[in-house]
Every structure is written in structure tokens, then in C-alpha cells.
Amino acid sequence: MTAKDLIPGQFAIVTSFSDQGLANCLAERGVVAGERLCVERVAPSGDPIAIRVSDHLLCIRKNEASTILVLPELG
């Protein structure tokens, strides 16, 4: 599953990335393997997506979110 597939309010743990170049860029913004994230909002058109990582709110494109592989938290 990817961060793009999460619904608003859903938490997940980042497991890996499908694009290493983009992974480096996201790492500079705090999105790293093992980090917990939450989808805060999705634009009405579906793009961009607002995610919370630690205490940061990031807006990323759907294609960027599709490169973040996650393990959803249950409950």
C-alpha cells in the first residue's frame, strides 16, 4: 500500500520507497522509513495530499505519495 491509498485520518508507518531519488528529497522533509505519518486532507480533485509527519504538515503531489510504501495502522 502507498501513502496515496490512505484516507484522511488514517495513520501508517513508512516502510520504504519505490523511487530512490524522490526518497532522498522526502527524507529532507522528514519522511523516512520507520516514521509514522497521517493523511490530514486530500484536495477535492485528489491532488495534492496533506500529510503530517512528526510535527510537520507537508503537501505533496499524488505521484509523490504513490512512491511512499506504508504499513497502515489497525484501529
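Nothing fancy with the numbering, it's 1 onward along the sequence. All values below come from the heavy atoms of this structure, side chains included, with hydrogens, waters and symmetry mates left out.
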* To do: Evaluate the side-chain proximity of Ile7 to Val39: yes if any heavy-atom separation is below 4.5 Å, no if none is.
  => no
* To do: Work out which heavy atom in Ile60 is nearest to a heavy atom in Ile51; give both atom names and the distance.
  => CD1-CD1, 3.9 Å
* Asked: Has Arg29 got more than 12 heavy atoms of other residues, nucleotides or ligands less than 6.0 Å from its CZ?
  -> yes
* Is the side chain of Ser45 donor-acceptor paired with the backbone N or O of Asp47 at a distance under 3.5 Å, no angle test? -> yes
* **Val70 vs Ile13 side-chain heavy atoms within contact, under 4.5 Å** => no
* Would you call Leu57 and Glu40 a side-chain contact if the rule is heavy atoms closer than 4.5 Å? -> yes
* Find out if a path of hydrophobic residues (ILVMFWY) with successive side-chain heavy-atom gaps under 4.5 Å connects Phe11 to Ile68. => no
* Asked: Out of Leu26, Leu22, Val32, Leu69, which one pairs with Phe17 under the side-chain contact (heavy atoms from CB on, under 4.5 Å) rule?
  -> Leu26
* Specify the closest pair of heavy atoms between Ala65 and Ile49, including all atoms of both residues, with the distance to one decimal. => CB-CD1, 3.9 Å
* Leu6 side chain reached by Met1 side chain, heavy atoms, under 4.5 Å -> yes
* Asked: Are any non-hydrogen side-chain atoms of Gln10 and Pro72 less than 4.5 angstrom apart?
  -> yes
* Side-chain donor-acceptor pair under 3.5 Å between Ser66 and Asn63, yes or no? -> no
* Under 3.5 Å, is there a donor-acceptor pair between the Asn24 and Glu28 side chains? -> no
* For the residue pair Val14 and Leu37, establish whether any side-chain heavy-atom pair is separated by less than 4.5 Å. => yes
* Structure fact -> In terms of heavy-atom contacts, Ala50 and Cys59 come closest through CB-SG, 4.1 Å
* To do: Decide yes or no for Lys62 and Pro48: does some side-chain heavy atom of the first lie under 4.5 Å from some side-chain heavy atom of the second?
  => no
* Asked: Step by step, would you call Glu73 with Arg36 a salt bridge (charged side-chain N to carboxylate O under 4.0 Å, His left out)?
  -> CA-CA 9 Å; Glu73 292 184 354; Arg36 185 177 191 227; 2.9 Å; yes
